[in-house]
Amino acid sequence: MVAFTILAGGYDVFVATYLFDSASSSLSLLSKSPTGPSPSWLSLHPTNKSILYAVNEVTAGALQSFDIGPKGTLSNAVNTVSSGGDSPAFATALSTGEVAIFNYNSGNGRIVPTTSSPRTFDNSAPVITFPRPPAPGVSHPHQAVEVGNEVLIPDLGGDTIWRLGRTNIPGNYKIQGSIPQPKGSGPRHIAVGNDRIFTLHELTSTLTVQGIPNAPNGTCSIIASASTIPPNPPSGAVFAAAEILIPPPTAKFPKSYIYVSNRNTGVLDTRGDTIAIFEHVNVGTRSEGLKLVNQVYTEINQPRGMAFGPADGRGGEEFLVVAGVAGTAGTLVLKRTDGGRNLELVVKNLEVPTRTTFVWL
Ligand SMILES: *[C@@H]1O[C@H](CO)[C@@H](O)[C@H](O)[C@H]1NC(C)=O
Ligand SMILES: *[C@@H]1O[C@H](CO)[C@@H](O)[C@H](O)[C@H]1NC(C)=O
């Protein structure tokens, strides 16, 4: 038996703990640990897999820390601090020991240092507020990605990716530049690698690739743009692309593909929403581009987060866990087949109908 523990948050007041056994293809719900309201995004400490951070995606937004006990059960919240605004939809632990949390509704956030214990926050960090885009625009920071000495923040409302630079005081970052995105595109999540930024735009459901401009305000034009929307959607479908993952190459999957989830927030498709698989082709040549490899129907509706298993020698990287925000399709584990060009259902668990975020232990 090769058992993986998976933690799953959502719009409720608990984190669900699942056990996935890849040998017997079973997925069982082990426990539900109480949390603050709407732990819709989870992030593990970068080096200590016994410490979990969670957002409270509510009007008085907050960041919480937990100890992860035996069998993946969470302690009561060890520490809770304000996110400095309304509805944080994302948090991530940085290599510095700080935890970045950004508020979708209020266009601001904090990068909160931890103390001598990574479970206890230093609440002195200021609130970082992004410039308001021209009316009627509102800044909607949606993610935070550490790249070298910077933290990049895609702003869905501002059509840009903000570049935050460190100062010598923990938690104090300055908005030092930006990487503008096409007007009205709504950049939601990014993935960075191979000297490229891959941006998933929610409002136009497009995936783009561009170079990483020099800081602070260099520019790099978009090399290629592709639609993520599946063919022949039901009438009344409204697409809002959600997540992008580019798992690093491993011995079993030597080629990297780009996995993008399509959320249909309009008339639901009975086949569920798709995960689109792209290949980054002809890199560094004039014909560099993004080639659609597959659109995989998943049975779930409106996926938010999804996550590949860890590539730590146990074989977890073969598997992808995903769930929807709408419907009752539960949590699914899929596996990469055809070298990563396809995904097939392994098992599902319907005990919790919807989930929005996952971490593998
Ligand atoms: C990881 O965190 C747990 C929970 O706080 C703690 O007991 C443990 O000592 C930490 N491990 C390391 C290596 O720091
Ligand atoms: C770069 O952009 C930022 C944010 O828009 C701005 O505040 C800053 O003045 C710019 N810096 C330079 C050197 O142009």
Side-chain angles (χ1 to χ4, degrees), residues 5 7 15 17 31 33 35 39 42-54 63-81 91-100 102 107-109 111-122 126-135 137-145 147-167 172-183 185 187 190 197 199 210-221 310 312 359-361:
T5 303
L7 305 179
V15 163
T17 301
S31 59
S33 302
T35 63
L42 304 178
S43 176
L44 271 186
H45 185 275
T47 55
N48 187 334
K49 288 193 167 189
S50 296
I51 299 172
L52 183 76
Y53 302 108
L63 174 65
Q64 299 193 293
S65 61
F66 300 87
D67 288 328
I68 305 171
K71 299 195 169 178
T73 304
L74 303 189
S75 66
N76 290 331
V78 176
N79 202 195
T80 301
V81 288
T92 191
L94 306 181
S95 64
T96 53
E98 299 161 304
V99 184
F102 285 91
N108 59 6
I111 298 184
V112 184
T114 50
T115 62
S116 54
S117 163
R119 314 134 77 222
T120 309
F121 301 114
D122 166 356
V127 173
I128 300 162
T129 301
F130 297 106
R132 199 187 160 93
V138 179
S139 163
H140 290 310
H142 215 309
Q143 191 198 25
V145 179
V147 182
N149 274 326
E150 292 182 295
V151 179
L152 303 185
I153 314 282
D155 183 340
L156 187 150
D159 288 327
T160 201
I161 300 169
W162 297 109
R163 308 183 78 146
L164 302 187
R166 298 204 165 97
T167 65
N172 285 246
Y173 281 70
K174 74 171 198 284
I175 303 171
Q176 63 177 11
S178 67
I179 306 169
Q181 297 298 301
K183 201 167 161 22
S185 63
I190 61 173
I197 302 177
T199 306
Q210 68 189 121
I212 305 174
N214 291 330
N217 289 322
T219 56
C220 279
S221 54
D312 59 6
V359 300
W360 294 70
L361 301 182

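In listed order, ligands and their atoms are each counted from 1.
Proximity of Thr47 to ligand 1, defined as any heavy-atom pair under 4.0 Å, is not found for any part of the residue. When non-hydrogen atoms are compared, ligand 1 lies under 4.0 Å from neither the backbone nor the side chain of His45.
Those atoms of ligand 1 that come under 4.0 Å of a heavy atom in Asp67, given as number and element, are 4 (C), 5 (O).
The shortest contact between atom 3 (C) of ligand 1 and any protein heavy atom is with Asn48 ND2, 3.7 Å. Among protein heavy atoms, atom 7 (O) of ligand 2 sits closest to Ile175 O, 4.3 Å. Given atom 4 (C) of ligand 2, the protein heavy atom at minimum distance is Gly177 CA, 4.0 Å. Nearest protein neighbour of atom 5 (O) of ligand 2, counting heavy atoms only, is Trp162 CZ3, 4.1 Å. The shortest contact between atom 12 (C) of ligand 2 and any protein heavy atom is with Asn217 ND2, 3.0 Å.
Counting only heavy atoms, the protein never gets under 4.0 Å from atom 9 (O) of ligand 1.
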Checklist entry - After noting the C-alpha distance and the side-chain angles of Thr167 and Asn172, does the key distance pass the side chain to side chain donor-acceptor pair (under 3.5 Å) rule? => result CA-CA 6 Å; Thr167 65; Asn172 285 246; 5.3 Å; no
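The backbone N or O of Ser33 lies less than 3.5 Å from no partner atom in the side chain of Ser31, so there is not a single donor-acceptor pair. Within the 3.5 Å criterion, the main-chain N or O of His140 finds a donor-acceptor partner in the side chain of Asp155. A donor-acceptor pair under 3.5 Å is absent between the side-chain atoms of Asn79 and the main chain of Ser65, judged by distance alone. The closest donor-acceptor contact from the side chain of Thr17 to the backbone of Gly72 lies under 3.5 Å.
For Asn76, the CG atom counts as loosely surrounded, since its 6.0 Å shell holds 12 or fewer non-hydrogen atoms of other residues, nucleotides or ligands.
A heavy-atom separation below 4.0 Å is found between Gln176 and ligand 2.
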